[in-house]
Structure formats: C-alpha cells, structure tokens
Amino acid sequence: MASFFSIYYLVLFLPPMVILYNLCPKKYRPAVLIVGSYIYFYSISGKLLMYLLFSTMSIHHIGLWLTDIQNQRNVVLKAAEKEEKKAIKAEYLKKQRKVLAFGVLLHLGILLTVKYTPFFATNINTLFDFAGLDFRLTIPKIMMPIGISFYTLQAVSYIFDVYRETISADKNICRLALYMSFFPQIMEGPISRYSDTAMNLYKGERTTYNNLTLGSQRILFAMVKKIVVADRLNDFIEKVFTDYNQLDGGVILLGAICYTIQLYMEFSGTMDIVIGTAQIFNIRLPENFKQPFFSRTISDFWSRWHITLGTFFKDYIFYPLTMSKPLKKLTTKARKRLGNHLGPMLAGAVALFSVWLCNGLWHGAGWQYIFFGMYHFALILTGNIVEPYSRKFLEKLHIKKEGLPYGIFSMIRTTILVIIGELFFRAEGLKQGLIMFKRIICNFSIESFKNRYVLTLGMDGYDFIIVAVTVLIVFGVSLFKENNINVRGEIAKRHIVLRWLIYYAIIMFIIIFGAYGRGYKPVDPIYANF
C-alpha cells in the first residue's frame with residue numbers, strides 16, 4: 001500500500017503534483033487534481049477503482065433525480081390552491097423518500113456486501129453448528145477497496161443533503177468526482193460534507209508561500225508522530241497481542257497503553273499530512289482531532305476524536321431518530337413516568353445505541369468492534385444519567401467540577417477508560433480481548449519490568465526513551481493548542497533563520513530517531529483498513 005509517509009507519496013507523487021498544479025492555468029487545475037487523485041487511487045487499489053467511479057456516477061444521477069422531483073413539486077405548488085398544498089407536499093415528499101432510500105440502500109448495500117459478507121456468513125454457520133444442522137454457507141473472498149468506508153459516507157451525506165435541500169444537486173460530475181476522490185483524504189478521511197469542501201476543491205487557487213510553509217510544517221509534524229512513535233511501537237504491540245497468553249497483566253496493560261498511543265499518533269499524524277497536503281493546494285479540509293486526551297468525559301473524548309465521523313452519525317442517525325414520531329411519543333410518555341431528566345434519556349438511549357452500534361460496525365466486521373461500540377454506548381449513557389447526581393455529590397464535598405485538580409482527575413479517568421476500549425478494539429477477536437483484560441485484572445505483575453523481560457519484546461530501553469520523549473513533545477504542542485496558542489503560526493512569525501533552524505531540527509530528529517532502515521518493516525495505515 002502506498003502510504004502517505006512513503007517515498008512514493010512524499011517524493012515521487014506529491015511534489016510533481018504541486019508543480020504541475022501551479023504551472024497549469026487556473027481553469028485546468030481542478031482537472032489536474034482529479035486525474036492525479038484517480039492515478040493515486042489506482043496505484044493503491046487497481047481495478048477496485050470501479051467502486052469509486054460507480055459511487056460518483058450514482059450520486060450524480062440520484063442528486064439530479066431528487067432535484068427534478070423538488071422542481072416538479074415547486075411548479076405544482078405554484079399553481080395549486082392553498083388547501084391543496086399540504087397534500088401536494090406530502091405526495092412529493094413520499095417520492096423523494098423513495099429515491100433517498102434507494103440511494104442510501106444502494107451505497108450501504110455495497111459497503112455491507114463488500115465489508116461484512118464473510119462476517120455474517122461465518123456467524124450464520126456458527127448458528128447452524130449450534131442448531132446441529134449439517135449445512136454451511138460458502139464464505140466468499142471479496143476484495144475491499146481502500147477507503148470505501150470513508151467515501152461511502154461522503155456519498156450518503158451528499159444524497160441526504162440534496163434531499164433535505166440544504167444543498168443543490170451538482171450538475172457538474174467532475175466537481176462531484178473531485179469531492180469523492182481528492183487524493184489526500186481518499187484512504188482515511190476526514191469525512192467531508194459537500195457544502196464544506198466541494199466548491200473550495202474546484203476553485204483551482206494557486207499555492208501561496210504561506211500555505212506551502214504551513215502545510216509543509218504540518219507534514220513534518222505528521223512524520224514525527226508516525227515514523228518516530230507509531231511505527232517504532234508496532235513490533236512491541238504485535239508481540240503483546242500475539243503472545244498475550246505467555247505475558248503477565250503488567251505487560252499487557254503496557255501493550256494496551258502503547259496501542260492507544262500508536263493509534264493516536266498514526267491517525268492524527270495521517271490527518272496532519274492529509275490536511276497539510278490540502279493546505280498546500282490552498283484547500284481547507286475539516287479537522288478530525290482536537291486534543292482528545294484533554295477530555296474530561298468519554299462523550300467529550302468522542303467530540304474531539306475522529307470528529308467528522310462523530311458529526312456524521314450525529315447529523316444523519318442520532319438527530320433524525322430523536323426527531324422521529326415514534327421516539328417523540330416515547331419521550332412524551334417517559335417524561336410523565338420518569339421525570340424531566342430520565343424521561344428524555346430513554347428515547348435518547350435508543351438513538352445513542354443505534355449510533356454506537358453503527359460506529360462499532362463501521363470500524364470493522366467483528367464482535368470486538370460491536371463490543372467496542374457497546375462499551376462506549378454504556379459509558380456515555382451512564383455518564384448522562386448520573387451527571388446531575390454526581391454534580392450534587394461533588395457540591396456537597398465542596399469539590400469544584402471545573403477546577404484544575406478535578407479536571408486532571410477527570411482526564412486521567414477518561415484516558416484509562418479509553419485505553420480499556422482500545423484493548424478490545426485492537427484484539428483479534430472479542431474472546432482475545434476478554435482474556436487479555438482478565439489477565440490485566442487477575443494476573444497483574446511487574447516482574448517482567450524488574451527482570452527486564454519487557455525489553456526483549458520488540459523494543460529496548462532506547463526505543464522506549466525515544467517514544468517517551470516524543471510523546472512529551474507532542475503533548476506539549478497539544479497543551480499549547482488546548483490553550484489557543486497556534487504553534488505553527490508562532491513559528492511562521494519568527495525570523496527566517498530561527499524558522500529554518502526549527503525545520504532542520506525536526507528533519508534531523510526524524511532522520512536520527514525515525515523507525516526505518518535495515519530490518520524495519522513499513523507499517524500500513526491502520527485506519528485505512530477500517
């Protein structure tokens with residue numbers, strides 16, 4: 001796989017793209033991005049590019065279909081009497097809903113077929129075994145296109161937004177093609193909305209010195225996260241999650257902590273390189289991370305981690321469900337019986353359950369992912385239920401919830417809960433996750449640290465020191481950002497000599513401490529597999 005951190009991308013692909021883009025006249029620059037995006041996608045997916053082409057053409061047609069129905073409705077409404085208008089609106093709304101359902105089911109059906117058929121077939125065969133039936137479903141091997149989970153959600157959001165009339169259907173299929181395929185975000189997002197990025201992508205603005213500088217800074221910082229930390233941790237994490245039965249709980253806990261660090265460094269680093277690349281082309285993509293480990297609650301954590309996925313689920317699943325007639329009726333009845341706090345929570349819990357079931361399944365076809373979703377559903381729901389009671393309890397103890405001491409405690413508590421969730425997320429299956437968690441609780445020991453056995457599992461003391469120092473540097477930068485200090489902007493303001501000293505220091509840091517060279521195995525992007 002051609003990672004964004006590979007020589008292919010950073011040397012052979014991105015610089016020629018920037019040069020060619022800026023050499024072309026403005027009206028041809030979008031075409032450069034489209035052709036470059038399809039070349040890049042073909043280089044990592046080959047013939048599976050057809051899925052992306054089909055998705056783009058289908059949403060183009062469905063969007064125009066919806067707009068045509070809306071235009072017909074408007075013409076009929078204009079000529080209709082006042083008392084007829086309500087019935088006319090209902091008739092055309094029914095037509096739109098059928099088209100919407102067709103479009104959404106088409107795209108989700110492809111995603112479900114490609115990504116989940118083996119999972120469902122395996123579980124059905126297990127049920128047949130349990131029932132004593134001598135019958136088996138053939139488990140097909142289906143090639144899954146890179147990024148299908150991401151661009152499918154972009155396609156669905158486009159259809160929904162045209163249906164809701166928050167955007168107009170785009171007649172320009174080339175603009176839609178660029179929105180769906182823009183090469184930096186094709187593998188791991190962020191999940192963009194048409195209204196946020198499509199027009200910006202198609203403007204063809206020239207690269208400016210400021211954008212080139214800030215974008216390159218972000219790419220460098222991304223390489224620190226990925227090459228120095230995430231890739232260095234990989235061998236240790238692989239050994240812990242493979243040989244967990246031979247390891248004590250202390251090492252397994254360290255493995256879970258390291259995986260949480262690796263996932264953050266890998267995914268946020270990828271977002272840095274994606275958004276940095278887009279900035280070079282004078283294109284603004286939505287942020288996907290906002291210092292998640294400064295979160296005080298799990299709910300707050302998920303408003304800061306993979307932000308675009310969270311907002312997708314909120315806007316297209318949670319809110320529509322809570323505003324649906326059945327859940328509105330449920331809220332009214334529950335409010336009468338359970339009160340103003342717990343009553344609305346019941347309908348909210350149904351919508352929240354749906355969101356987290358989808359969130360778990362979106363990440364992968366496995367029971368560990370479903371458990372991961374249900375784990376966070378339970379934590380968030382519990383937090384919502386007990387919040388007013390915990391506030392009263394803290395007031396009685398004269399503890400300020402907004403104060404620094406309680407804030408630090410809340411951040412540590414939230415981080416621990418996140419690490420537990422990531423343990424199950426990384427496990428090869430739910431059973432393995434449960435065994436590893438049990439070993440942490442029941443077989444906890446620091447003996448492997450005392451006898452230095454932990455240093456034989458893919459990382460030595462030197463590796464751990466490099467990781468710890470780099471994590472502290474990233475934490476420091478995050479602390480500045482949490483306090484609204486723009487580190488990149490501050491560096492850009494400094495004298496050119498100081499700026500380049502900082503840039504060279506970062507480059508040398510990557511060269512000296514990066515995990516590469518003889519014996520190093522490049523690590524594929526983690527989230528691209530989801």
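The structure presented is a predicted model; accordingly, all values stated were derived computationally and were not measured.
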Expected output: side-chain [X] to main-chain [Y] donor-acceptor under 3.5 Å:
X: R426; Y: L263; value: no
X: N22; Y: V18; value: yes
X: R391; Y: E387; value: no
X: R29; Y: C24; value: yes
X: S45; Y: Y42; value: no
X: T166; Y: D161; value: yes
X: S295; Y: T297; value: no
X: R499; Y: R494; value: yes
X: T308; Y: N288; value: no
X: N234; Y: A230; value: no

Between the side chains of [X] and [Y], is a donor N or O closer than 3.5 angstrom to an acceptor N or O?
X: Y202; Y: D170; value: no
X: T56; Y: Y179; value: no
X: N200; Y: T197; value: no
X: Q217; Y: Y503; value: yes

Between W305 and K290, is there a cation-pi geometry (under 6.0 Å to ring centre, at most 45° from the normal)?
->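 No.
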Using atom types as modelled, flag every donor-acceptor pair under 3.5 Å from a side chain in residues 376-385 to any protein atom, sequence neighbours excluded.
{"from": "H376", "atom 1": "ND1", "to": "F372", "atom 2": "O", "distance (Å)": "3.0"}
{"from": "H376", "atom 1": "NE2", "to": "W302", "atom 2": "NE1", "distance (Å)": "3.4"}
{"from": "T382", "atom 1": "OG1", "to": "A378", "atom 2": "O", "distance (Å)": "2.6"}
{"from": "N384", "atom 1": "ND2", "to": "I380", "atom 2": "O", "distance (Å)": "3.4"}

Just do the side-chain contact (heavy atoms from CB on, under 4.5 Å) check on S157 and Y194 with the steps written out, would you?
-> CA-CA 8 Å; S157 73; Y194 175 90; over 6 Å; no
pair [X]-[Y]: side-chain heavy atoms closer than 4.5 Å:
X: Y158; Y: L176; answer: yes
X: I473; Y: V224; answer: no
X: L357; Y: M374; answer: yes
X: F293; Y: T414; answer: no
X: S168; Y: T67; answer: no
X: P286; Y: Q185; answer: no
X: E287; Y: I275; answer: yes
X: T470; Y: F509; answer: yes

Spacing of [X] atom [atom1] and [Y] atom [atom2] [to the nearest 0.5 Å]:
X: S410; Y: L404; atom1: OG; atom2: CG; result: 10.5 Å
X: H107; Y: I148; atom1: NE2; atom2: CD1; result: 9.5 Å
X: L52; Y: S181; atom1: CG; atom2: OG; result: 6.0 Å
X: L352; Y: I317; atom1: CG; atom2: CD1; result: 11.5 Å
X: I280; Y: Y21; atom1: CD1; atom2: OH; result: 12.0 Å
X: I485; Y: L479; atom1: CD1; atom2: CG; result: 8.0 Å

Considering residues, nucleotides and ligands other than [X], do more than 12 of their heavy atoms fall under 6.0 Å from its [atom1]?
X: R284; atom1: CZ; result: no
X: M323; atom1: CE; result: no
X: Y462; atom1: OH; result: yes
X: K400; atom1: NZ; result: no
X: F449; atom1: CZ; result: yes

Determine whether the aromatic ring centres of residues [Y] and [X] are separated by less than 6.0 angstrom.
X: Y51; Y: Y151; result: no
X: F13; Y: Y40; result: yes
X: W362; Y: H306; result: yes
X: F424; Y: Y369; result: no
X: F236; Y: F464; result: yes
X: F289; Y: Y264; result: yes
X: F409; Y: Y406; result: yes
X: W356; Y: F318; result: no
X: F294; Y: F475; result: yes

Might you work through the side-chain contact (heavy atoms from CB on, under 4.5 Å) test for I261 and V471, ending with a clear yes or no?
-> CA-CA 8 Å; I261 293 170; V471 167; 3.9 Å; yes
D235 and K239: CA distance, side-chain angles, deciding distance, salt bridge (Lys or Arg N to Asp or Glu O under 4.0 Å) verdict = CA-CA 6 Å; D235 282 349; K239 287 186 181 297; over 6 Å; no
Please name the pair of heavy atoms, one in [X] and one in [Y], separated by the smallest distance, quoted to 0.1 Å.
X: L214; Y: A492; answer: CD2-CB, 4.2 Å
X: I62; Y: G103; answer: CD1-CA, 3.5 Å
X: L423; Y: G433; answer: CD2-O, 4.2 Å
X: N282; Y: R206; answer: ND2-O, 3.6 Å

Take E205 and K26, measure what salt bridge (Lys or Arg N to Asp or Glu O under 4.0 Å) needs, and give me the verdict at the end.
-> CA-CA 7 Å; E205 298 289 346; K26 185 176 181 178; 3.7 Å; yes
Which one of R488, K225, K226 satisfies the salt bridge (Lys or Arg N to Asp or Glu O under 4.0 Å) criterion with D272?
->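 Running salt bridge (Lys or Arg N to Asp or Glu O under 4.0 Å) over R488, K225, K226 with D272 returns exactly one hit, K225.
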Report the C-alpha distance between T277 and Y9 in whole Å, list the side-chain angles of each, state the deciding distance to 0.1 Å, and finish with yes or no for side chain to side chain donor-acceptor pair (under 3.5 Å).
-> CA-CA 11 Å; T277 298; Y9 181 82; 3.1 Å; yes
Would you call K493 and E490 a salt bridge, taking side-chain N to carboxylate O under 4.0 Å as the test?
->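 Salt bridge: yes.
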Take L309 and H363 through the side-chain contact (heavy atoms from CB on, under 4.5 Å) test and state the conclusion after the steps.
-> CA-CA 11 Å; L309 179 66; H363 280 93; 3.9 Å; yes
side-chain contact (heavy atoms from CB on, under 4.5 Å) between T415 and F301: does it pass, once the steps are laid out?
-> CA-CA 9 Å; T415 300; F301 178 87; over 6 Å; no
